[in-house]
Amino acid sequence: MAMMWCQRLAWLLRGQRGSTGRRWPWLSQDLGPVPAAPVRCCPTAPAAPRCAWQLHQDHLELRYGSTLMRLDFVWLRDHCRSASCYNAKTNQRSLDTASVDLAIRPQAVRVDETTLFLTWPDGHVTRYGLEWLVRNSYEGQKQQVMHPRILWNAEIYRQAQVPSVDCRSFLETDEGLKEFLQNFLLYGIAFVENVTPTKEDTEILAERISIIRETIYGRMWYFTSDFSRGDTAYTKLALDRHTDTTYFQEPCGIQVFHCLKHEGTGGRTLLVDGFHAAEQVLRRAPEHFELLAKVPLKHEYVESVGGCHNHMIGVGPVLNVYPWNNELYLIRYNNYDRAVINTVPHDVVRRWYHAHRALTAELRRPDNELWVKLKPGKALFVDNWRVLHGREAFTGYRQLCGCYLTRDDVLNTARLLGLQA
Ligand SMILES: C[N+](C)(C)CCCC[C@H](N)C(=O)O
Ligand SMILES: O=C(O)CCC(=O)C(=O)O
Ligand SMILES: [Fe+2]
């Protein structure tokens, strides 16, 4: 029934080029109720058609199920999955997009129960599965989040009783790895237990899920409070919550910590969900959130200790969101490493400080603080794009090892196991 109705429209539409605006008032913005006549002509049809469409000057408006899509004609030509336009073996586009006339319009449009058919002026036919369009259209994408997450404060995290994964199951079974990654994606932190407390064993863990990201700190690093590097991390001092490598253009995606030894007091690790704090700012004062997401600033690492000479600069806002759905994907927060602010005009800078204060207040709320004591055998993976870490001051000998991971490769592993990442 829907099909017949649309086909009729297709006939009507021929020769209607150059039209603007809505030509068929019975097809309201949300393609509202179905017109009475066509429904009656097909008694077995369901009450509302699954699909309805209408051509506009530069796009096709298509409703399928509850999704109303607006599909640009060039987009529709560009994403053609025919054998000559797309190589299904490599999943790569063969079509040269630059060869598409930017004023292209389909010559004929037809929809059946499952598929949209478009015939282009040169006779080429493009087919789209309607389900595929829902999944891949802007409107479909907007209805979902890229990364499903559970935002937490200390209470929520404890209540969830997220299990640690055993080292053997992590290394030897896909289920163990998948469970670990699922927890990591949802909470931004995850633990592996019963790890042999050596750098080499920690490295094996890291390599199970990703490629190790070598940085100025090396590939796998050890650190103690020997000030072997010009950074507070290499002392016994407390470290307030922060994310690492904010001074890289692309901050490291994941950080692995494994405490190999601690003979002394203090030294607990602090973890805070930066996205939870940012969400609270968004709820309470959206203008602060917006400023933190819009104003770029620099972070900097200037080192000149012993033989180590480094000067790194990373530029970007504190909060990074996908523009199409405002979903957070990266927080860059390190008050130690924040550089001189010289990218913000005078009439914005004070407002930025207010916004930064609001976020800091959220990040410092005691209910948001998760304190854990890292012990030999228990490795911690932290999403450095989301969860802030810090540490309590300590006494005695304390040795940590770990590494950074490339984010893309962690997500790759997760996707290959069937997780949404
Ligand atoms: C982890 N490791 C000890 C190797 C490096 C520490 C880097 C510390 C730096 N201030 C930052 O926050 O990025
Ligand atoms: O010593 C710690 O527990 C963490 C120090 C730190 O922030 C880091 O190494 O990135
Ligand atoms: Fe750190």
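Residue numbers count from 1 along this sequence. Each ligand, and each atom within it, is numbered from 1 in the order the structure gives.
- When all heavy atoms are compared, the tightest approach of Met146 to Asn325 is N-ND2, 4.5 Å.
- A donor-acceptor pair is defined here as one N or O able to donate and one able to accept, closer than 3.5 Å; such a pair exists between the side chain of Glu392 and the backbone of Arg268.
- Listed by chain and number, residues touching ligand 2 at under 4.0 Å (heavy atoms only) are Phe223, Leu239, His242, Asp244, Gln255, Phe257, His389, Arg391, Arg398, Leu400.
- For the pair Arg93 and Tyr86, the cation-pi criterion (under 6.0 Å, within 45° of the ring axis) is not fulfilled.
- With sequence neighbours excluded, the residues satisfying salt bridge (Lys or Arg N to Asp or Glu O under 4.0 Å) with Glu290 are Lys294.
- Taking the charged nitrogens against the carboxylate oxygens, Glu203 and Arg219 do have a contact shorter than 4.0 Å, which makes a salt bridge.
- Taking the ring centre of Phe117 as origin, the terminal cationic atom of Arg127 falls outside the region bounded by 6.0 Å and 45° from the ring axis.
- Nearest heavy atom pair, residue Leu363 against residue Ala277, reads CD2-CB, 3.5 Å.
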In a simple table, one pair per line, please give the protein and ligand 1 atom names for every N or O pair closer than 3.5 Å, along with the distance.
from, atom 1, to, atom 2, distance (Å)
ligand 1, 10 (N), Asp231, OD1, 3.3
ligand 1, 10 (N), Asp231, OD2, 2.6
ligand 1, 10 (N), Asp337, OD2, 2.9
ligand 1, 12 (O), Asp244, OD1, 3.1
ligand 1, 12 (O), Asn334, ND2, 3.1
ligand 1, 12 (O), Asp337, OD2, 3.4
ligand 1, 13 (O), Thr245, N, 2.8
ligand 1, 13 (O), Tyr247, OH, 2.6

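- Both the sub-6.0 Å distance and the 45° axial angle are not jointly satisfied by Arg229 relative to the ring of Phe223.
- Taking 4.5 Å as the limit, some side-chain heavy atom of Val295 sits within range of a side-chain heavy atom of Val348.
- Counting only protein N, O or S atoms, the number found under 2.8 Å from the Fe ion (ligand 3) is 3.
- A cation-pi arrangement, defined by a distance under 6.0 Å to the six-membered ring centre and an angle within 45 degrees of its axis, is present between Arg398 and Phe394.
- Lys298 contributes atom NZ, which lies 14.0 Å from atom OG1 of Thr246 (distance to the nearest 0.5 angstrom).
- In this structure, the side chain of Thr119 does not engage the main chain of Gln107 through any donor-acceptor pair within 3.5 Å.
- Side-chain contact check for His389 and Asp244: at least one donor-acceptor pair (N or O, by modelled atom type) lies under 3.5 Å.
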